[in-house]
Amino acid sequence: MIASTPVARWTWGNEDDAGDAVERTVTGVLDAFSVLASHRLAVGNPMVRVSVSESGHPENSLFSGEFEVTESDGSDLVRLVRRGLRPGKPGAVEANIRCPGVWLGADGVEHREERLLTFGASMLLGYYTARLTTYSDAWMPYDLRGRPQEAVHAANYPRLAAALREISELIGDDTDPDDPTWFGKPTETGVDNYFDEDGSASDVWGSFEIPYRNRIFHHNTGFGGDDYARTAKGEVEYAPVTSERGGILGYLWASDAEGAASYEPRDAAEDAGYHAGLRWLERLRRAKESGLAPSRALAEFAREPADTQAGRVDLASRATAPDLATLRELAGREN
């Protein structure tokens, strides 16, 4: 499972008076990338974002850019950054690397994930710091729902532990586990789960991830009248959104009285329900721009063919809820 915010983070740091902060920072992240790539925790050509601020005026940017790196030593990128520096004395140099990575399923099959790990480093006043961040639970004995995953843990934990050890040796500093997050407690070699009072692994996905990412369905972003209101105080009508296999992904709801309409993902549908909802928000925006009343938008959506990701609106099962709290309770039920 991939969380919206970090599951765990580790840091390293040491004094480095090599003199060229740009070269030290850029080569540092690429050396770490090589370690990750050796364990297939990073695959493909990395994208590296480099920024340089002015000494004494951190609000002034002397350089900022993101580049795909194809050579292992990063010499071309270092030269590119140097040539692009604006006039001024360089202060902090930061470099962040992102690329897909691979985690292994219980059956040993590789799964490519865009946000498996990220790595970043910075250099300021002769001190080099680095950080590795994961958004995945593949290294944990239990997944973020609290379900045991012995085979997944056995396949992936040693890969992360080896990478942490090798990065520590590369930088010359002990691995420092960062503070616990909503999802896990980093250790020097991996990530520990949280446990409830009865000894069972905590469902941190349900407690933190779902409320966090579902905010987009409950609150309007930005300003202006481009969207229906995404909250209502009174009665709402709703219709289930079903997948191609017939399962319920979530519920579209509308309130003409309050000019409101949005989508409530079904917890049990997990990522499929969430991503379907993002598609429905786009369609709701277009309906609002067309001047349709919220309930009319639901009726129009029901005429559209099924979509492989968004599903289809089952208007025949339309119902009414006294308020959104009741509908959200329905969406949160396991069955």
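Ion pair K185/D192 not flagged as a salt bridge, since none of the NZ, NE, NH1 or NH2 atoms sits closer than 4.0 Å to an Asp/Glu carboxylate oxygen. The existence of a salt bridge linking E300 and R303 is confirmed by a sub-4.0 Å separation between a basic side-chain nitrogen and an acidic carboxylate oxygen. The residues E23 and R82 are annotated as salt-bridged, a charged nitrogen and a carboxylate oxygen being separated by less than 4.0 angstrom. Checked for salt-bridge contact, E304 and R283 meet the test: a charged N lies under 4.0 Å from a carboxylate O. Of the charged side-chain nitrogens involved, at least one lies within less than 4.0 Å of a carboxylate oxygen, so that D16 and R24 count as a salt-bridged pair.
Aromatic ring centroids of F195 and Y142 lie under 6.0 Å apart.
Partners of E54 under the side chain to side chain contact (heavy atoms under 4.5 Å, CB included) rule, at least two apart in sequence or in another chain, are H57, N60, L62. Partners of R79 under the salt bridge (charged side-chain N to carboxylate O under 4.0 Å, His left out) rule, at least two apart in sequence or in another chain, are D76.
Side-chain N or O atoms of D314 include none that pairs as donor or acceptor with a backbone N or O of A239 at under 3.5 Å. In this structure a side-chain-to-backbone donor-acceptor pair under 3.5 Å is missing from T134 to L117.
Residues in residues 111-122 take part in these side chain to side chain donor-acceptor pair (under 3.5 Å) pairs, two or more places apart or across chains: S122-T129.
Atom CE in M140 sits 6.5 Å away from atom CG in D137 (nearest 0.5 Å). Here N220 contributes atom CG and D226 contributes atom CG; the two are 10.0 Å apart, rounded to the nearest 0.5 Å.
Each of Y135 and W205 belongs to its own hydrophobic cluster when Ile, Leu, Val, Met, Phe, Trp and Tyr are linked at side-chain heavy-atom distances under 4.5 angstrom.
Checked by atom type, the side-chain pair W12/T175 shows a donor-acceptor distance below 3.5 Å.
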Could you go through residues 272-281 and list every donor-acceptor pair under 3.5 Å that involves a side-chain atom there, pairing it with any protein atom two or more places apart or in another chain?
from	atom 1	to	atom 2	distance (Å)
R279	NH1	Q309	OE1	2.7
R279	NH2	D307	OD2	3.1
W280	NE1	A310	O	2.8

Considering only distance and modelled atom types, tabulate donor-acceptor pairs under 3.5 Å from the side chains of residues 206-214, sequence neighbours left out.
from	atom 1	to	atom 2	distance (Å)
S207	OG	D203	O	3.1
E209	OE1	S4	N	3.0
E209	OE2	S4	N	3.3
E209	OE2	S4	OG	2.6
R213	NH1	D271	OD1	3.0
R213	NH2	D271	OD1	3.3

Could you list the donor-acceptor pairs under 3.5 angstrom formed between side-chain atoms of residues 95-102 and any protein atom two or more places apart in sequence or on another chain?
from	atom 1	to	atom 2	distance (Å)
N96	OD1	R131	NH2	2.9
R98	NE	E66	OE2	2.9
R98	NH2	E66	OE1	3.4
R98	NH2	E66	OE2	3.3

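Between R9 and the options D179, D176, D178, a salt bridge (charged side-chain N to carboxylate O under 4.0 Å, His left out) holds for only D178.
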Test log, rule side chain to side chain donor-acceptor pair (under 3.5 Å), inputs E68 and N45: CA-CA 6 Å; E68 181 179 11; N45 294 330; 3.2 Å; yes
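Around CD of E59, the count of heavy atoms belonging to other residues, nucleotides or ligands within 6.0 Å exceeds 12.
Remark: R318 is not positioned above the aromatic ring of Y238, lacking an NZ or CZ atom under 6.0 angstrom from the ring centre and at most 45 degrees off the axis.
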